[in-house]
Amino acid sequence: MSKGITSREQNYSQWYNDIVKRAGLADHSAVRGCMVIKPHGYAVWENMKNQLDAMFKETGHVNAYFPLFIPKSFLSREAEHVEGFAKECAVVTHHRLMNDPNGKGVVVDPEAKLEEELVVRPTSETIIWNTYKDWIQSYRDLPLLINQWANVVRWEMRTRPFLRTAEFLWQEGHTAHSSKNEAVEEAEKMHEVYARFAEDYMAMPVIKGVKTANERFAGALETYTIEAMMQDKKALQAGTSHFLGQNFAKAFDVTFLNENNKEELVWATSWGVSTRLVGALIMTHSDDQGLVLPPKLAPIQVSIVPIPKPAEEIDKVAYQLEDELKKAGYSVFYDRDDKKRPGFKFAEHELKGIPVRLAIGKRDLANKVVEVARRDTGEKQSVPLDQVVAKVSELMVDIQNSLFNKAVKFREDNTHYADSWEEFEKIIKNEGGFVYAHWDGTTETELAIKDRTKATIRCIPLDRKEEKGKCVFSGKPSEGRVIFAKAY
RNA sequence: CGGGAUGUAGCUCAGUCCGGUAGAGUACUCGUCUGGGGGGCGAGUGGUCGCAGGUUCAAAUCCUGUCAUCCCGACCA
């Protein structure tokens, strides 16, 4: 076990916290439930963000920015929406402080009470649809394909770095369409974008599905989700895309004139992923030595360590390699710190999840080789100097693929089928993981199962095969299996 | 929001029961010997003991309040 990191076996939660802290991803802050995202953690998020942003642009979206504050009355316009978020809203009631008359710091000035209180956005549907009302008159104004990168606040009872914090960073796409079909297609398209991002960039396999009515976003008609399995076999919802129907158009009176000069309500979608993805990334790949990052998202892809310390002849080779690797498109860090010893640097680079490490010592120079080590397997080999760049390129692809394959295998190894209640309960209790089981389609059954086992329906998989069966709990007829799991 | 635990040096913690000059390891700084997986020796820097009240000649220690964090539950991206 690495210094200062609890093993996963010993205490999974503590392991996660140790990784976040020791790898320099985030710190706790002075504010309850909020974290400070440190440079290394933010760099990972930035890489995610840049890639996602490019994918949104490719699919025709543009960025905009809407206010942090939402008039309280807006939130109540859509009944289900307010019900979903009311319990976790931060509210601004005043706009001024004053010196404490008792001479102790400052207090809220009671004179400065707001006419209408403002809610710090937990999500932006309401303020955005209030705005869209002014932007949309004709079918020619549609579709409206807008995304925003923002922070939101949800006053959570219990928080964990990245996975659930009171304030978090995310993107929220909000689109408006002239037809139901087009809106559904949009929601499905972005669902697919999320799945592709998760698998191709995060190397995190996901199951695409739709949420049950009970788990659906407040105000949505359909919620598409990507669900991933973490190393403790619990499910994590990694991204959602919602078909909102005409609910928000109705609530905010957003209509357009169609080709036939008839007034119609606009169709809507919204979709988002958050800094929670950083937590997902950690829990998918990392080990007891520290963070493991897929090369495509690693802020530093290659580190170079001089053995035993920087020296002229080592520098020469190291700088040249650094240069060549940078030209090949990789981010490189030559660790010239002469206060730290090689072993320390090895441990530190592993802790931070740098995918490939090169070590260069005098013995290597004499043989014209470099020691190349990969983070995911710990495997080391000597590579002739003139083949290092090619080797690194090969490893980048190989590590990316092998992380994905390993995660797929883990998920498969921990996926079960249950056909009786006894079996179901036993698997959830003893094995964990995903359980494919028949469900009668009622919220009542879903809640009863949750109550007894803590497992929820993560999704109804899109690719599930039609299979008549009996509900694992009620015995009533079922059209196909859904995925149950304990979830974050 | 319920149950449990914890706040003392940058970090990990002792000291608190039984009040009496603020401790250790680690990190950091300097020197030195080292150097292919988290070095050794020597010297040094660093703390209004989470915060606010109270009791007392005297509070890290006792009392009250408050804030924060962690673990377990309920809720949730």
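Letters A, B, ... mirror the listed sequences (proteins, then strands); counts begin at 1. For clarity, every value in this text was computed on a predicted model and none was experimentally measured.
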Exercise for the section: Measure from the side-chain heavy atoms of A:Pro308 and tell me the nearest of B:rG36, B:rG37, B:rG35. Expected result: B:rG35

Handout entry: A:Asp335 CG to B:rG36 C1', straight-line distance once rounded to whole Å
Key = 15 Å

Exercise for the section: Using a strict 4.0 Å threshold on nitrogen-to-oxygen distance, state whether A:Glu227 and A:Lys211 make a salt bridge. Expected result: yes

Problem - C1'-based separation of B:rU26 from B:rG47 [nearest Å] - result: 16 Å

Problem - Residue matched to B:rU55 through Watson-Crick or wobble contacts both under 3.5 angstrom - result: none

Handout entry: A:Trp271: which of A:Phe56, A:Phe243, A:Phe217 passes ring-ring contact (aromatic ring centres under 6.0 Å, His included)
Key = A:Phe56

Handout entry: Nearest-neighbour nucleotide for the A:Lys454 side chain, B:rG35, B:rA74, B:rC71 considered
Key = B:rA74

Problem - Which residue lies more 5' along RNA chain B, comparing A:Arg160 with A:Thr275 via nearest heavy atoms - result: A:Arg160

Problem - Nucleotide of B:rG36, B:rG37, B:rU34 approaching A:Ala359 most closely (side-chain heavy atoms) - result: B:rG36

Problem - Sugar-phosphate only, base, or nothing, as touched by A:Leu236 at under 4.0 Å among non-hydrogen atoms - result: nothing

Handout entry: Presence of A:Arg341 side-chain N/O under 4.0 Å of B:rG35 phosphate oxygens OP1/OP2
Key = no

Handout entry: Aromatic ring proximity, centroids under 6.0 angstrom, A:Tyr436 and A:Phe484
Key = no

Problem - Separation between the C1' atoms of B:rC75 and B:rU55, rounded to whole Å - result: 42 Å

Handout entry: Below 4.0 Å: OP1/OP2 of B:rC71 and any side-chain N or O of A:Asn17
Key = yes

Exercise for the section: Tell me whether the OP1 or OP2 atom of B:rC72 has a side-chain N or O from A:Arg158 closer than 4.0 Å. Expected result: yes

Problem - Separation of the C1' atoms in B:rU64 and B:rC70, to the nearest angstrom - result: 25 Å

Handout entry: Separation of atom CD1 in A:Ile307 from atom P in B:rG35, rounded to whole Å
Key = 13 Å

Exercise for the section: Determine which nucleotide pairs with B:rA24, using a 3.5 Å limit on both distances of a Watson-Crick or G-U wobble pair. Expected result: B:rU12

Handout entry: Any residue meeting salt bridge (charged side-chain N to carboxylate O under 4.0 Å, His left out) with A:Arg363, in chain and number order, not counting sequence neighbours
Key = none

Exercise for the section: Name the nucleic acid region contacted by A:Lys340, choosing base, sugar-phosphate or nothing; use a 4.0 angstrom heavy-atom cut-off, strictly under. Expected result: nothing

